Peer 1: 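Submitted below is the structure of interest, expressed as structure tokens.
Residue numbers start from 1 in every chain, and the chains themselves are labelled A, B, ... in the order their sequence lines are given, proteins ahead of strands. Just the heavy atoms: all of them, side chains too, but no hydrogens, waters or symmetry mates, feed the values below. Since the structure is predicted, the reported quantities are computational estimates derived from the model, not experimental observations.
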Amino acid sequence: MTFLEAVRQKFFAFLIVLGAAMVLSSVAFRFLDFGHGELKFIADFGFGGMFLFGSILAVVMTAQLFFAEMDNRTALTLLAKPLSRAEFLIGKFFGVWMILGLFVIILSALLGLVLWGRAQELSLLAEQSGRVAPDFSFRGLGIFAVLQWLRLSVVAAIVLAIAAAARTFLFAVILGALTVVAGQLQWIAQDVLLKPTESMLYKSILWLTSRILPNLQQFNIGDALVLDSGTVAVTSIGWVVLSGLLYTTAYLLLGALVFRRREI
Amino acid sequence: MTSAISVRHLTKDFKMGLRGLKLRAVDSLSLEIPRGQVYGLLGPNGCGKSTTLKIVLGLVAGTSGEINILGFPSATAEARRRTGFLPEAPYFHKFLTGRELVRYCAQLSGVSAIKMESAVEAALELAAMTEAASRPIGTYSKGMLQRIGLAQAIVHDPELVILDEPTAGVDPVGAAAIGRMIRTMRDQGKTVVLCSHLLGQVEQVCDRVAIMDHGRLVLEGRVDDVLAQRDRHLMTIEALTPDARVAAESALAAHGARVRSVTHPRRSLEELFRELVTGSRDA
């Protein structure tokens, strides 16, 4: 139901169009590659679009779908059924999870198409000039898409936990967006933790911050996966997946705990 | 046999602001709602009846007190499995058709796949929504929204049905149709709790009523008992001439009775309206 509701929204279509436009336009902007390979520029452009619009979708859509149920009072009808609060929240999450999956699949497919088209042209040019043709990995792109889906799922779970406690849609969106930014910068806290410090309080705060907030940068291994296929160990990918799943589960549990006491 | 709803010493305080001020919405309310009857819960806006219903349904936690539904604690899934609820001014996803909504609610209520279609069709039929069931909810009138809301509330054949303002915004013809549905549910052995401001309708369909004010119960009992004025009598007489009236008054006076008023019987505006527009169903 959540998926059907979300997929009908103009906001979803709008972000798909924006994301697709960004991926497709990367070919036109490839002269701005700053000396890197063209395929890397196109891939980075696509990754950026997927992250930016995917994060907006995860934050806004999750909060919007949750508060639509509260404000329209459809939650009254649903929660009067033999449905637990946790089931309601998890149902919301899976609806958003599916829409995020659809978003990632569409943009990844487009990115794959653009990369493949340009790679074909570049290999023809390389043949003529006797150079080595650049290449990319479809399998790596597939793995990257799964990781992005997982990253956006973590964001959706965090926003759902915030929304379960928040009174207004705006508060949930703003705090959710700030959490995404903090998650992107979380590696800094981890980095500082490695350096010696005398303040235990400082170290404790950093440790706590680096554990509570997921490190969203760990999902940014698109270059290595897509352009340098084989350079990322399977165990590393496994750890990233495990971390994503753990954070998603933990924030969903937290959300369910908070929502249990909410007055509808 | 246990009551359909048993409320004992229920109190609900809402915290207001950061100073810890409390607003008491329900004040030590005790109620026993018997099974198989239509029970009216009445009171002015803000008297605590909607809060009471929400606590009964487990949507809001009471501050103190105990509530059981059909012998089960009210916050349990077991209690909600036996209960159907139509909220005030119900809102449903507009892109669904009526049948899809009722089927979705049946799934949530645990209706088995084998019984699903028959349960959905029976609920639609009782709510007189079979014809419009294939239309998107976005095209429904207010009366149809209430009726499809009623269908989703009863699709899992609950023993207890709670209706919060089921006739709000519905014209008298539609309201009368909902009244008939309530009576049908009672005839099927269900307990119906009706929360309404339409006192005329409550009087017509309810067996018992409770009146709340400022979170407290101020009156409870059978409708006939609470409304009857045992020391007064009403006679409806045809062809009463002035002479006959004087003679009747004299005869009554001889037995110590006194005629307090003589008026013409009136139909209610609702009765007149329904009589005039009969046949224009709310569709």
Peer 1: Is it the case that atom CD in E125(B) sees more than 12 heavy atoms from other parts of the structure closer than 6.0 Å?
Peer 2: no

Peer 1: Do other residues, nucleotides or ligands put more than 12 heavy atoms under 6.0 Å from the CD1 atom of I114(B)?
Peer 2: no

Peer 1: So if I take each residue of residues 84-107 of chain B and look for any heavy atom under 4.5 Å from a heavy atom in chain A, which residues do I end up with?
Peer 2: F85(B), P87(B), E88(B), A89(B), Y91(B), F92(B), H93(B), F95(B), L96(B), Y104(B), C105(B)

Peer 1: Should we say atom NE2 of H9(B) is surrounded by more than 12 heavy atoms from elsewhere, each under 6.0 Å from it?
Peer 2: no

Peer 1: Taking non-hydrogen atoms and a cut-off under 4.5 angstrom, which of residues 74-104 of chain A neighbour chain B?
Peer 2: T74(A), L76(A), T77(A), L78(A), L79(A), A80(A), K81(A), P82(A), L83(A), S84(A), R85(A)

Peer 1: Enumerate the residue pairs fulfilling side-chain hydrogen bond (donor to acceptor under 3.5 Å, both in side chains) with a member in residues 255-264 of chain A, sequence neighbours excluded, ordered by first and then second residue.
Peer 2: E263(A)-K12(B)

Peer 1: Is the count of non-hydrogen atoms from other residues, nucleotides or ligands lying under 6.0 Å from R81(B) atom CZ greater than 12?
Peer 2: yes

Peer 1: More than 12 foreign heavy atoms under 6.0 Å from CZ of F14(A): is that the case here?
Peer 2: no

Peer 1: Does CZ in F171(A) sit with more than 12 non-hydrogen atoms of other residues, nucleotides or ligands closer than 6.0 Å?
Peer 2: no

Peer 1: Can you pull out the residues in residues 52-67 of chain B with any heavy atom less than 4.5 Å from chain A?
Peer 2: K54(B), L57(B), G58(B), L59(B), V60(B), A61(B)

Peer 1: Tell me, side chain or backbone of E78(B) under 4.5 Å from chain A's heavy atoms, or both, or neither?
Peer 2: neither

